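To start, the structure itself, in structure tokens.
Note that the structure is predicted; figures quoted are calculated from it, not measured.
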Amino acid sequence: MDKVLVVCGPTGVGKTKLSIALAKYYDGEIINVDSMQIYKEMNIGTAKIKEEEKDGVPHHLFDIYSIKESSDVADFQVLVRRDIEEVKNGYELPILVGGTGLYVKAS
């Protein structure tokens, strides 16, 4: 499978709900491509998904860094591409979800 689905837009427009529905319909897994939701401590203002909202759908690359750690888009790029391949190798559809254009393009 060479396809990747992208759901991108600003905070608060319904990306999470849409991505869950798409993941269930297309047998997919969600991969975060938001520059703030990768940080454990960034819960306010990011509309980060809560555990109970995941509805059994696997989610990747949330809370992977502390704000005390140094990271950049190049570090993220390695991780996101790894996760995309892992999801594809499991015959699932990678669904990239976020609002950070740079991180989406780096994926």
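Ion pair Glu51/Lys54 flagged as a salt bridge, since at least one NZ, NE, NH1 or NH2 atom sits closer than 4.0 Å to an Asp/Glu carboxylate oxygen. Contact check on Lys48 versus Asp63 returns a salt bridge, with a Lys/Arg side-chain nitrogen under 4.0 Å from an Asp/Glu carboxylate oxygen.
If you chain together hydrophobic residues whose side chains sit under 4.5 Å apart, Tyr25 and Leu5 fall into the same group. Residues Ile31 and Tyr103 share a single hydrophobic cluster, defined by chaining ILVMFWY side chains whose heavy atoms lie under 4.5 Å apart. Val57 and Leu96 fall into different hydrophobic clusters, defined by Ile, Leu, Val, Met, Phe, Trp and Tyr side-chain heavy atoms under 4.5 Å apart, directly or through other members. Transitive grouping of hydrophobic side chains (ILVMFWY, heavy atoms separated by less than 4.5 Å) keeps Val6 and Ile49 in distinct clusters. Cluster annotation: Leu79 and Ile67 are assigned to the same hydrophobic cluster (Ile/Leu/Val/Met/Phe/Trp/Tyr, side-chain heavy-atom contacts under 4.5 Å, transitive).
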Dump the intermediate steps for side chain to side chain contact (heavy atoms under 4.5 Å, CB included) on Leu93 and Lys3, then the final yes or no.
CA-CA 7 Å; Leu93 176 65; Lys3 296 180 182 181; 4.1 Å; yes

For the pair Asn89 and Glu86, evaluate side chain to side chain contact (heavy atoms under 4.5 Å, CB included) and give the outcome as yes or no after the intermediate values.
CA-CA 5 Å; Asn89 289 337; Glu86 285 179 7; 5.6 Å; no

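Using a 4.5 Å cut-off on side-chain heavy atoms (C-beta onward), Val33 and Thr100 make no contact. Using a 4.5 Å heavy-atom cutoff, the side chains of Glu41 and Ser66 are in contact. Counting only heavy atoms from C-beta outward, the side chains of Val87 and Val4 never approach each other to under 4.5 Å. The shortest side-chain heavy-atom distance between Ile20 and Leu22 does not fall under the 4.5 Å cut-off. Pro94 places a side-chain heavy atom less than 4.5 Å from the side chain of Lys88.
Side-chain contact annotation: Thr16 with Glu53, donor-acceptor N/O pair under 3.5 Å absent. Inspection of the His60 and Glu29 side chains reveals an N or O donor paired with an N or O acceptor under 3.5 Å. Tyr39 and Thr46 share no donor-acceptor pair across their side chains, judged by distance under 3.5 Å alone.
The line from CD of Glu69 to CD1 of Ile38 is 9.5 Å long, rounded to the nearest 0.5 Å. Atoms NZ and CG, from Lys17 and Asp55 in turn, are 11.5 Å apart once rounded to the nearest 0.5 Å. Summarising the geometry, atom CZ belonging to Phe62 is positioned 7.0 Å from atom CD1 belonging to Ile30; distances are rounded to the nearest 0.5 Å. Between atom OG of residue Ser35 and atom CE of residue Met42 there is a gap of 8.5 Å, rounded to the nearest 0.5 Å.
Residue Gly45 comes nearest to Thr11 through the heavy atom pair O-CG2, 4.3 Å, listed as atom of the first residue, atom of the second, then distance. Nearest heavy-atom pair across Ala106 and Val73 is CB-CG2, 3.7 Å. Across Gly28 and Ile95, no two heavy atoms sit closer than the pair CA-CD1, 4.2 Å. The minimum heavy-atom distance between Cys8 and Val104, with the atom names listed, is SG-CG2, 3.9 Å. The two residues Phe76 and Leu61 have their closest heavy-atom pair at CE1-CD1, 3.8 Å.
Between the Asp75 side chain and the Asp72 main chain, a donor and an acceptor come within less than 3.5 Å of each other. Not one N or O on the side chain of Lys15 forms a donor-acceptor pair closer than 3.5 Å with the backbone of Gly99.
By the 6.0 Å contact criterion, CD on Glu52 is enclosed, its count of non-hydrogen atoms from other residues, nucleotides or ligands being greater than 12.
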